[in-house]
There are 2 protein chains.
Amino acid sequence: MVDKSIPDIVIGRLPIYLRSLTRMMEQGRQVTSSQELGERLGISAAQIRKDLSQFGEFGKQGTGYNIEFLTRKIQEILQVDRVWEVAVVGAGDVGHAVANYGGFQHRGFRITRIFDNDPSKIGTTFNNIKVMDIERMSEEIRKAGIQVAMLTVPAGVAQEVVDILVEAGIKAILNYAPVNLSVPAGVRVQYIDPAVHLQNMTYYLD
Amino acid sequence: MVDKSIPDIVIGRLPIYLRSLTRMMEQGRQVTSSQELGERLGISAAQIRKDLSQFGEFGKQGTGYNIEFLTRKIQEILQVDRVWEVAVVGAGDVGHAVANYGGFQHRGFRITRIFDNDPSKIGTTFNNIKVMDIERMSEEIRKAGIQVAMLTVPAGVAQEVVDILVEAGIKAILNYAPVNLSVPAGVRVQYIDPAVHLQNMTYYLD
DNA sequence: TTGTTTTTGTGCAATCAAACACAAGCGCGG
DNA sequence: CCGCGCTTGTGTTTGATTGCACAAAAACAA
């Protein structure tokens with residue numbers, strides 16, 4: 001019950017559980033078990049139970065977990081029982097794809113700002129959001145109190161943009177640029193690099 | 001030296017090392033050390049040395065690692081010292097973004113096929129590649145011996161598409177659909193779900 | 001040559017994560 | 001009401017991963 005330093009690796013699995021639970025709920029399911037969830041996810045039932053037990057007792061012996069209740073609890077733990085405003089930096093193909101993606105709202109995020117430095121893009125509209133000049137980024141982010149950003153700029157300028165984001169108060173960055181970023185303590189970064197993910201698998205090919 | 005079951009977690013770090021080394025090489029650097037690399041990546045120097053020592057002795061005491069040599073070695077280990085043909089399934093925004101991305105070629109991959117089931121997309125061209133009817137997918141993949149695929153279709157049809165891909169001989173799947181996939185042993189899956197990555201970080205926000 | 005500095009590769013210890021196994025609780029059928 | 005089957009939560013064990021610390025090798029300067 002008490003939150004005494006939950007391992008990162010446990011936190012990292014919660015969004016996976018959440019995604020699967022949401023899917024079950026869409027299918028009209030009411031109840032599941034650690035065993036069923038484990039089979040769907042390729043994770044042992046014991047591990048799922050132990051992960052969840054870090055935060056409370058959400059199940060019922062003999063029955064399992066009420067899907068709606070557990071979903072709600074995990075959303076609370078992850079703080080996605082609210083909607084975080086997200087700033088996207090970079091209005092290229094990737095920025096375009098994420099801005100157009102409709103699946104964020106239900107999962108705790110809403111893209112409300114898009115920035116770029118290309119005059120031919122500034123002023124155009126992505127999914128009802130006007131692309132703004134990156135010069136105004138710091139001010140806008142600070143004014144709106146935005147803490148979450150997605151970085152979809154070229155690798156060469158990623159670090160300098162990150163420095164501005166951090167300065168403006170961003171605390172969580174989803175980085176699509178294929179470079180490692182340097183950020184101060186208290187700022188989190190997650191990396192999405194398709195080539196890295198692919199290279200993870202080629203080792204195992206014949 | 002001998003490849004006696006290297007832990008997955010070690011393999012997972014190699015692409016990160018590779019990316020950083022490539023960057024150093026672009027900057028004209030010749031030599032680096034486990035310490036420098038570790039500082040750049042936020043990983044302990046000891047861990048980097050131990051990871052690399054699983055595959056051989058690539059460094060020189062007192063000097064460090066020759067960047068070009070180490071790069072080559074890691075490329076060999078990961079089997080990205082060749083170019084893998086990649087099939088993209090789903091010609092939506094994400095499929096469009098990855099097909100247009102020019103950064104794959106130098107990292108071991110080349111997208112050579114794009115499939116979709118939407119008649120209005122079939123026949124159009126993405127980055128010089130014609131979008132093909134998904135009906136022909138199985139045959140095309142098998143004929144070309146393609147082992148790597150990127151899945152950028154809606155969540156609802158992801159599993160059924162995966163079943164076809166597996167049947168056609170695909171062994172590595174980079175999945176952008178926000179669902180867990182079920183695949184037989186011998187087939188690897190990596191997941192990219194921006195919402196999951198973001199939810200990983202919101203736990204730590206105030 | 002000799003001493004100093006640097007950095008690797010690795011045995012060992014410590015920490016962290018996963019799996020096991022079971023008592024206890026719940027639901028249900030008879 | 002009783003007994004059976006199912007499933008949770010968790011103490012304990014097992015296993016994996018990381019960090020520590022140092023001998024040995026290389027480079028370099030004097």
Side-chain angles (χ1 to χ4, degrees), chain A residues 1-17 20-21 24 29-74 77 200 203-204, chain B residues 1-17 20-21 24 29-74 77 200 203-204:
Chain A
M1 207 48 164
V2 197
D3 54 75
K4 61 185 290 287
S5 106
I6 309 291
D8 280 9
I9 197 163
V10 172
I11 300 298
R13 280 190 292 263
L14 295 184
I16 309 293
Y17 300 163
S20 206
L21 289 165
M24 288 182 188
R29 302 281 314 283
Q30 304 278 320
V31 172
T32 187
S33 65
S34 59
Q35 180 160 44
E36 184 192 31
L37 203 46
E39 277 165 13
R40 290 205 182 202
L41 301 177
I43 293 176
S44 83
Q47 178 154 88
I48 291 174
R49 291 201 299 278
K50 187 150 269 184
D51 284 353
L52 296 176
S53 77
Q54 302 262 337
F55 303 97
E57 307 196 354
F58 303 138
K60 198 182 272 185
Q61 282 143 325
T63 309
Y65 299 92
N66 176 289
I67 294 174
E68 193 174 339
F69 176 75
L70 183 56
T71 298
R72 175 61 58 100
K73 281 299 177 187
I74 296 179
I77 294 163
N200 254 274
Y203 173 80
Y204 301 96
Chain B
M1 206 140 325
V2 197
D3 56 73
K4 59 185 289 287
S5 106
I6 311 292
D8 280 10
I9 197 163
V10 173
I11 300 299
R13 279 190 291 263
L14 295 185
I16 308 295
Y17 300 164
S20 206
L21 290 165
M24 288 182 188
R29 303 281 313 284
Q30 303 277 322
V31 172
T32 186
S33 65
S34 59
Q35 180 160 46
E36 184 192 30
L37 202 46
E39 277 166 12
R40 288 205 184 203
L41 301 176
I43 293 176
S44 83
Q47 178 153 86
I48 291 174
R49 291 201 302 275
K50 187 152 272 183
D51 283 353
L52 296 176
S53 76
Q54 302 264 339
F55 303 97
E57 308 196 354
F58 304 137
K60 198 183 272 185
Q61 283 143 323
T63 309
Y65 300 91
N66 177 289
I67 294 173
E68 193 174 339
F69 176 75
L70 184 56
T71 297
R72 176 59 60 99
K73 282 297 178 189
I74 296 180
I77 293 163
N200 252 275
Y203 173 80
Y204 302 95

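Just the heavy atoms: all of them, side chains too, but no hydrogens, waters or symmetry mates, feed the values below. In what follows, every chain begins at residue 1, and chains take the letters A, B, ... in the order their sequences are listed.
Rounded to whole Å, atom P of dA21(C) lies 15 Å from atom CD of Gln35(A). Atom NZ of Lys50(B) is separated from atom C1' of dA16(D) by 12 Å (rounded to the nearest Å). Rounded to whole angstrom, the span from the CD atom of Gln47(A) across to the P atom of dA17(C) amounts to 10 Å. The OH atom of Tyr65(A) sits 15 Å away from the P atom of dG27(C) (whole-angstrom rounding). Atoms NZ (Lys60(A)) and C1' (dC26(C)) sit 8 Å apart, rounded to a whole Å. Rounded to an integer number of Å, the gap from Arg49(B) CZ to dT6(C) P is 15 Å. At whole-Å resolution of the value, CD1 in Ile43(B) and P in dT18(D) are 9 Å apart. If you take CD1 of Ile11(A) and P of dC16(C), they are 16 Å apart, rounded to a whole angstrom.
Within the nucleic acid shown, Leu52(A) has no heavy atom closer than 4.0 Å to any nucleic acid atom.
Of all nucleotides listed (dT10(D), dT18(D), dA17(C)), dA17(C) comes nearest to the side chain of Pro7(A). Nearest nucleotide to the side chain of Ala46(A), out of dG9(D), dG27(C), dC20(C): dC20(C).
A donor atom on one side chain and an acceptor atom on the other are not found under 3.5 Å apart for Tyr203(B) and Asp8(A). In the model, Ser34(B) has a side-chain atom that pairs as donor or acceptor with a side-chain atom of Arg49(B) under 3.5 Å.
Regarding contacts with the backbone of dA18(C), a side-chain N or O of Arg13(A) is found under 4.0 angstrom from either OP1 or OP2. The side chain of Ser34(A) contributes no N or O atom lying less than 4.0 Å from OP1 or OP2 of dT7(D). Residue Thr63(B) has no polar side-chain atom (N or O) positioned under 4.0 Å from OP1 or OP2 of dT7(C).
Side-chain contact check for Tyr204(B) versus Ile11(A): some heavy-atom pair is nearer than 4.5 Å. Residues Leu52(A) and Tyr65(A) are in side-chain contact: their nearest non-hydrogen atoms beyond the backbone lie under 4.5 Å apart.
The base of dA24(C) sits within donor-acceptor range of the side chain of Gln61(A), with an N or O pair under 3.5 Å.
When all heavy atoms of Ile74(A) and Tyr17(A) are compared, the closest pair comes out as CD1-CB, 4.0 Å.
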